[in-house]
Protein chains: 2
Amino acid sequence: MAGNAKASKSHKSHSHKNLSKKTHSEKSAPKDKKYIYYFGGGKAEGSGQMKDLLGGKGANLAEMTNLGVPVPPGFTLTTEACNLFYENDLNSPKWLDDEARKYMARLEREMGKKFGNLDDPLLVSVRSGAKFSMPGMMDTILNLGLNDQTVKGLAKKSKNERFAHDCYRRFIAMFGSVVLGIEKLEFEQIIAKKKEQRQIKQDSSLTTDDLKDIVQKFKALIRKKSGEDFPSNPYEQLFLARDAVFKSWNNPRAIEYRRLYNIPSHLGTAVTVQTMVFGNLGETSATGVGFTRNPSTGENLFYGEFLVNAQGEDVVAGIRTPQPIREMEKKLPAVYKQLKAITAKLEHHYKDLQDFEFTVQEGKLFMLQTRVGKRTTQAAVKIAVDLVKEKLLTKEEALLRIDPEDLNQLLHPRLDPKAEIRVIAKGLAASPGAASGRVVFSAEEAVRMAQKKEKVVLVRQETNPDDIHGMVVAQGVLTSRGGMTSHAAVVARGMGKPCIAGAEQIKVNEEKRFFSVGSLVVRGLEVITLNGSTGEVILGEVPTVTAELSGEFAEFMGWADKIRRLKVRTNADTPPDAEVAYKFGAEGIGLCRTEHMFFAPERVPVVQEMIMASNREERKRALDKLLPFQKADFKGIFLAMKGNPVTIRTLDPPLHEFLPKREVLMVELAELKTKGGDAIKIAEKERLLKRVEELAEFNPMLGHRGCRLGITFPEITEMQAKAIFEAALEAAKDGIEVHPEIMIPLVGFPSEFKNQKELVVNVANEVLSKSKSKYKIKYLIGTMIEVPRAALVADKIALEAEFFSFGTNDLTQLTLGFSRDDAGKFLKDYQEKGILPKDPFVHLETEGVGAAIRMAIEKGKKSRKDMKVGICGEHGGDPESIDFCNEIGLDYVSCSPYRVPIARLAAAHAVLGKATVASK
Amino acid sequence: MAGNAKASKSHKSHSHKNLSKKTHSEKSAPKDKKYIYYFGGGKAEGSGQMKDLLGGKGANLAEMTNLGVPVPPGFTLTTEACNLFYENDLNSPKWLDDEARKYMARLEREMGKKFGNLDDPLLVSVRSGAKFSMPGMMDTILNLGLNDQTVKGLAKKSKNERFAHDCYRRFIAMFGSVVLGIEKLEFEQIIAKKKEQRQIKQDSSLTTDDLKDIVQKFKALIRKKSGEDFPSNPYEQLFLARDAVFKSWNNPRAIEYRRLYNIPSHLGTAVTVQTMVFGNLGETSATGVGFTRNPSTGENLFYGEFLVNAQGEDVVAGIRTPQPIREMEKKLPAVYKQLKAITAKLEHHYKDLQDFEFTVQEGKLFMLQTRVGKRTTQAAVKIAVDLVKEKLLTKEEALLRIDPEDLNQLLHPRLDPKAEIRVIAKGLAASPGAASGRVVFSAEEAVRMAQKKEKVVLVRQETNPDDIHGMVVAQGVLTSRGGMTSHAAVVARGMGKPCIAGAEQIKVNEEKRFFSVGSLVVRGLEVITLNGSTGEVILGEVPTVTAELSGEFAEFMGWADKIRRLKVRTNADTPPDAEVAYKFGAEGIGLCRTEHMFFAPERVPVVQEMIMASNREERKRALDKLLPFQKADFKGIFLAMKGNPVTIRTLDPPLHEFLPKREVLMVELAELKTKGGDAIKIAEKERLLKRVEELAEFNPMLGHRGCRLGITFPEITEMQAKAIFEAALEAAKDGIEVHPEIMIPLVGFPSEFKNQKELVVNVANEVLSKSKSKYKIKYLIGTMIEVPRAALVADKIALEAEFFSFGTNDLTQLTLGFSRDDAGKFLKDYQEKGILPKDPFVHLETEGVGAAIRMAIEKGKKSRKDMKVGICGEHGGDPESIDFCNEIGLDYVSCSPYRVPIARLAAAHAVLGKATVASK
């Protein structure tokens with residue numbers, strides 16, 4: 001097949017092996033290298049450490065065998081054998097066949113059965129197994145060794161003719177599809193036709209004769225499709241199956257999977273040939289699966305299901321209802337006891353929850369598989385804590401068991417996993433949690449509905465700062481454009497609100513108030529549900545459950561806190577946000593964005609009044625009206641943080657963000673004029689448009705914002721400083737220690753900082769002296785480092801600034817020249833073409849942006865040894881970035897309230913020196 | 001006065017003197033320090049080198065005296081005396097008065113007259129003189145020493161009673177205003193009243209009696225306003241005048257002037273007391289001014305004007321028409337001969353054109369002043385070259401005599417200086433030269449009019465890339481918004497077209513096609529003229545003159561070329577631009593912006609076709625149509641550059657720049673829909689709008705542009721590379737050596753560069769091998785360094801890139817976080833508040849951006865020793881930035897064609913080690 005040939009070529013080009021052509025074509029097995037490893041009889045040639053060579057499955061079986069666990073014996077052809085196969089132009093060398101025959105002979109001796117024997121044939125499975133688990137990606141063949149003769153021996157030995165022929169037809173179909181490349185569907189159609197003839201519904205209703213007929217038809221199909229007879233020689237079957245499994249390493253599914261999970265293609269797969277055991281040989285046979293603990297809750301209770309006289313697939317297929325595993329104690333007490341002992345041993349050995357499969361063949365227990373069990377985060381935390389108490393793990397090991405990102409599950413309400421749902425689209429899981437509500441298409445509508453106590457989900461092509469008041473009242477946000485760090489995503493995460501961003505299948509028509517997905521149309525006020533943890537958009541309402549933060553969770557986080565060096569602060573703009581963050585363990589506020597306080601509906605008109613002011617006096621009057629709002633917010637935040645430092649940033653965004661959009665006004669005006677509308681209204685709109693145009697910027701990110709605003713409008717900084725210090729005094733009077741850290745944004749020149757610092761100090765002196773208060777307010781004035789120039793001249797800035805906080809969002813934008821809101825246009829391409837492997841707005845780009853940060857710290861500390869340094873960009877909540885922050889010696893990270901526990905754990909991981917990315 | 005007290009305080013705080021309070025209040029003059037310097041009798045205590053101490057005027061008079069030039073004798077109180085005055089709370093110490101009396105005695109001896117003598121009184125002038133010339137900023141008092149008695153002596157001695165009283169009334173008025181702070185107007189009103197009474201118009205018609213009466217009235221005014229009598233004691237007059245001049249150092253005009261010209265306020269002013277001489281004592285007296293050469297053309301011809309029996313101010317006031325100085329040869333032959341000899345000596349001494357003033361008092365010549373004469377650039381070049389030929393200057397000195405910026409005057413046509421003009425507004429002199437034409441308000445109209453062979457001036461609020469085809473055909477561009485580096489300014493300078501930007505008084509109504517300045521309305525198609533060298537907008541047409549590039553100019557530039565180390569290239573996008581630049585001495589092209597080739601009217605539709613393409617094939621078809629255009633342009637440029645290297649940048653701007661603006665389309669659609677317009681038209685517009693919206697970016701500067709385009713649309717880079725190499729081959733066949741240097745823009749990651757380099761190399765191999773040409777094309781592939789990350793990882797980029805060119809426009813934008821198009825909103829404030837003294841888009845910001853450039857060079861050369869490094873941002877044409885480029889070891893600068901000679905000279909200045917800013 002062309003596809004395979006091509007795949008093989010690419011495989012070769014990526015192969016790191018240096019075997020010469022001579023070696024490939026050698027007539028006999030090389031003396032210095034072992035290509036097959038045996039396991040059985042209580043001992044294996046391999047071990048659990050040999051995943052590279054034996055694959056995960058082969059190593060696991062070897063390990064279990066060595067532990068004395070009863071495992072059906074067999075042998076594993078190594079990944080190097082697979083590489084030989086590829087290097088040898090998709091052929092296994094002849095000597096490998098001979099080697100395999102030797103191992104088969106050993107297996108025959110151990111099992112007391114013969115491969116191809118007519119009375120009691122040895123049957124085997126042939127399975128793939130790569131170093132990294134690639135579930136379902138490669139092929140498996142069961143019941144190999146059956147043919148028209150041996151099937152009779154199986155029937156006799158099992159005393160079950162129907163079972164034997166059922167095994168046989170399954171084998172032929174698997175062999176036909178995996179080895180000969182015949183569509184599975186063609187085999188299934190033959191069975192379907194038979195059932196139709198016989199007017200039955202279930203496969204289990206097929207009689208022995210039906211199955212015999214099916215076998216004949218399968219063989220005829222193979223003859224027709226492949227031009228050859230189905231091979232009856234068991235060794236021929238074995239070698240063909242082996243090579244087919246080797247080939248499946250490069251099937252398109254596997255290649256795609258490896259690409260997704262960054263698994264190198266030169267690794268190859270091992271092939272394990274293992275004795276078949278059957279759980280359906282009577283009432284002393286059984287099959288089952290289980291967990292050593294409850295994978296949903298973590299409770300230390302043996303947990304699982306089994307079926308007597310059944311095959312593994314019966315458990316899965318749901319034809320018969322499996323019984324709880326405790327029932328086995330009554331039915332097969334000795335086996336149950338043995339199973340409990342074995343699984344306990346396995347858990348002890350692997351020091352983790354085990355997910356196992358077993359078969360009981362005529363009273364004899366065989367373990368088929370054991371692996372670390374998947375679990376919910378809640379369970380994972382409980383298990384980790386329990387394992388520490390059981391002295392199986394150290395606290396450090398326990399901490400490393402939990403991927404910080406997974407804590408997300410514990411921190412947001414989530415959809416009831418039992419609910420039936422209709423997923424209509426999928427976007428980026430931009431902010432976790434679940435939200436249901438009526439669809440609205442504008443912030444205004446969201447506010448209107450919220451006033452009627454209706455829950456709403458805000459749906460927009462993309463959001464911008466105008467939408468914030470809508471986002472505040474919405475349960476969740478759905479956008480059809482934008483990435484993980486689009487406005488919607490960032491703001492929603494900051495608010496701890498579910499958000500799905502960039503759901504591109506969805507076409508949003510904001511004007512006509514509907515969105516469509518293919519032919520499905522969802523109109524305004526219909527109810528949808530967002531699963532922000534998966535990115536699923538669901539029709540209708542889905543019930544949610546609030547995850548309990550168990551005692552173990554608190555204990556677990558306590559261990560993290562003892563180990564971590566980095567402090568964890570939060571980015572919070574309102575008292576409620578601050579309270580949430582404090583509960584989650586925030587040790588201060590790293591970023592309070594004062595402008596977010598301006599977006600509340602009752603404040604926006606005052607802010608606009610300030611912006612429309614034609615002189616300083618008018619502007620001051622408007623600012624005076626804003627002062628009480630800000631002061632109250634600051635006081636609430638000081639109280640919520642209970643004595644921890646609170647970093648407050650002075651106004652940052654360009655003023656036009658507070659006004660309507662230019663194009664909206666232009667269209668409204670054009671419509672008004674074309675209609676011949678009211679002259680006064682037109683004049684009003686024209687005045688507004690004029691101001692909007694005056695303020696319009698080509699590149700607002702690089703425009704009149706940050707400290708540049710405070711420099712041209714000193715009265716804004718003064719008002720904010722006044723609000724901060726008056727609030728601080730009031731909080732101090734309420735008995736709360738207050739440590740304001742005033743942060744000047746977007747500083748690039750030491751002179752900018754000096755200018756703003758002077759304003760703040762003057763206001764502080766005035767407020768604090770006037771009050772004659774006995775309360776001393778200790779405050780710091782520092783700056784964000786977010787303009788590359790600031791990093792380049794950090795030594796000079798540090799002469800004045802008392803702390804640095806890295807605003808890595810803007811620093812990334814400027815250092816890379818990437819607009820966060822626009823980079824989606826090429827970032828995907830960049831990732832696909834390997835130009836930039838990761839989204840630099842999600843994971844800190846350490847080589848470039850990181851170099852700028854290192855430079856700033858080094859220069860800053862040269863001027864001010866005890867300079868406090870932190871990070872307040874989105875990266876402050878990203879475990880991978882936190883690892884870097886720890887490495888370069890930051891004092892703290894700051895992140896959104898709902899990510900505080902994640903950051904705490906990631907900070908501990910950083911100290912434990914394990915890259916968190918690898919812990920998954 | 002409060003103003004002065006405050007000024008004094010600020011003066012003090014800036015003073016670097018370390019005199020203790022004890023010294024200030026000492027009763028006698030300190031022995032170790034000299035506060036007064038005498039000049040006269042052919043010898044001066046000071047010299048021309050002592051500007052710090054004696055001020056420019058005092059040093060000049062000392063120098064002339066020492067040269068044996070007849071100068072009215074006198075003495076100078078030093079700037080240190082001025083500082084004493086300020087340190088002593090605005091009082092001169094008593095001993096300084098005593099010192100002055102001693103010097104006055106010496107002067108009396110020399111002049112054979114007595115200060116305050118009733119028969120033949122010695123009169124003096126008291127003038128300020130600071131280290132740096134501050135013309136007209138501080139105060140002067142003439143005729144000091146007159147009172148009711150001495151005026152009679154003067155009348156007797158001069159035999160001219162009217163003259164004596166005229167002197168007296170002038171002295172009283174000057175003294176009253178300068179020393180006593182009485183408004184000049186009040187004195188003038190007294191004279192005006194007298195003239196009204198006497199029904200005469202001219203001061204000269206006032207009789208002796210009139211003047212006597214005026215003197216009385218002046219004295220009464222002084223008594224009334226100051227509460228004291230006008231002081232008749234000459235020494236009291238002298239000391240009061242001296243202190244008043246000291247004080248005038250801190251008058252508001254002087255402070256403002258120093259701020260503007262960065263003159264430190266601690267310098268202080270000297271005060272020169274000098275004998276008065278009079279040119280109006282009869283037919284053997286005269287007064288005059290002159291230049292040693294023609295200041296307009298530079299011709300070596302004695303040049304000037306004089307009046308017999310007149311005072312200096314008569315020459316200026318235009319009451320009598322002065323005579324050409326050659327007439328003096330007849331009237332006062334001996335004096336004329338002496339004057340010629342003296343001025344020749346002065347020119348020789350100062351090695352430069354002298355601008356001098358003289359007075360002849362009763363047959364005796366006195367030189368009052370000599371200084372370096374102001375001249376046109378044309379004259380300056382000729383004089384410098386002549387002085388070299390006369391062996392007065394070295395070539396190096398000659399080069400330093402010309403400020404590179406001044407060459408601008410020689411390179412653009414300019415308005416006929418003799419024309420009468422009506423200036424209606426003033427904006428920024430954004431691109432020099434003169435342009436007249438009919439006013440148009442859109443690029444389309446400009447093109448329409450140009451097709452009718454009409455000259456037009458494009459007037460817009462601001463321009464953007466859509467307007468380029470209009471700018472191409474317009475004579476000049478006028479905008480009401482934007483700064484020196486706005487789109488209009490940059491593009492116009494690039495085109496060598498006059499431009500006035502940011503003329504804020506002008507309100508442009510593009511829709512209704514008029515602009516207004518106050519009540520004046522200028523409608524479409526009216527004619528205006530722009531003076532791009534001054535920023536003046538003029539009503540109507542003004543004739544222009546083309547400056548001749550004289551032989552001296554070429555010679556002069558040749559000297560610069562021999563000295564400079566930096567090569568000078570040009571930024572040129574079309575063959576005509578390249579030809580101009582070559583004529584101006586460009587040694588290659590440093591930046592050819594291929595996108596500018598896309599804006600020609602016949603090409604825009606093809607470009608839009610490319611952008612609207614829905615798949616790669618469609619896009620390629622459109623690109624195939626663009627190929628011949630680009631190829632022809634490249635070939636033309638290769639031919640024009642005659643074997644010099646040509647750096648071609650691949651496509652840089654975001655694609656949306658080639659489409660109509662979003663808001664324009666939205667408004668058009670809204671209007672169409674409201675009117676119920678044609679459905680097909682609506683659908684078409686909607687499709688266009690959809691694409692525009694897809695491409696819309698929040699921050700285009702940080703968006704999908706530069707190499708990001710070439711990475712997502714490799715076919716664009718491929719087409720451009722093909723056009724380059726095919727053109728290179730054709731040019732080579734025409735016998736022209738070709739050195740293309742292909743430049744990849746906006747690289748931040750080494751992987752980006754590698755990706756694009758591979759594409760280019762592949763195309764090059766294909767084109768060059770297919771052609772079987774015997775011509776070898778040697779080419780380089782390099783990158784622009786304009787993203788801060790590129791500077792941070794320059795070592796890694798240099799492993800692949802063969803040259804670096806600093807794109808300092810974008811590098812400045814990103815390093816500072818300033819949008820070039822928006823920074824005008826705060827840059828003015830920044831300059832006023834001293835936060836950022838210079839516009840970083842005009843003069844390279846060396847501390848931050850410069851640090852990034854240094855880092856990139858250092859890192860780049862670590863990986864590639866012979867790395868070629870240049871600059872192609874706007875700064876490449878700025879002398880101050882060129883000095884920096886020379887210092888950090890760049891290989892070349894590149895600038896717009898019309899700035900090439902400026903850059904050549906600036907590069908020579910840089911080698912000569914003189915900051916060009918100080919040369920003015």
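Here is the naming used below: chain letters follow the sequence lines, and residue numbers restart at 1 for every chain.
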Problem - Basic-acidic side-chain contact under 4.0 Å: A:E686, A:K673 - result: yes

Practice task
Using modelled atom types only, decide if a donor and an acceptor are shared between the side chain of B:R708 and the backbone of B:G703 within a distance under 3.5 Å.
Solution key: yes

Exercise for the section: Say whether, by atom type as modelled, one donor and one acceptor occur between the side chain of A:N762 and the main chain of A:L759 under 3.5 angstrom. Expected result: no

Which atoms of [X] are under 4.5 Å from chain A, going by heavy atoms: the side chain, the backbone, both sets, or neither?
| X | result |
| --- | --- |
| B:E845 | side chain |
| B:P837 | neither |
| B:R705 | neither |
| B:F749 | side chain |

Handout entry: Side-chain touch A:F698/B:R820, heavy atoms, less than 4.5 angstrom
Key = no

Handout entry: Minimum side-chain heavy-atom gap B:L665-B:L659 below 4.5 Å
Key = no

Practice task
Find the distance between CD (B:E752) and CG (A:L836) and round it off to the nearest 0.5 Å.
Solution key: 8.0 Å

Exercise for the section: To the nearest 0.5 Å, tell me how far B:K754 NZ sits from B:I744 CD1. Expected result: 14.5 Å

Side chain, backbone, both or neither: which part of [X] has an atom under 4.5 Å from a heavy atom of chain B?
| X | value |
| --- | --- |
| A:D829 | side chain |
| A:L709 | neither |
| A:P654 | neither |

Exercise for the section: Heavy-atom pairs under 4.5 Å with chain A are the metric here; pick the option from B:K828, B:E668, B:H704 that has the most. Expected result: B:H704

Handout entry: Atom CD of B:E504 with >12 non-hydrogen neighbours under 6.0 angstrom
Key = no

Handout entry: Check: A:E697/A:H656 side-chain N/O donor and acceptor closer than 3.5 Å
Key = yes

Completion exercise
Residues of residues 789-801 of chain B with a heavy atom under 4.5 Å from any heavy atom of chain A, in residue-number order, are B:R789, B:L792, B:V793, B:K796

Problem - Leading residue by heavy atom contact count with chain B [cutoff under 4.5 Å; candidates A:P750, A:G748, A:G834, A:P700] - result: A:P700

Problem - Pick from A:E671, A:E847, A:K833, A:M666 with the largest number of heavy-atom pairs that fall under 4.5 Å of chain B - result: A:E847

Fill in the blank from the handout: Sorted by chain and residue number, the side chain to side chain donor-acceptor pair (under 3.5 Å) partners of B:T717 (sequence neighbours excluded) come out as B:Q756

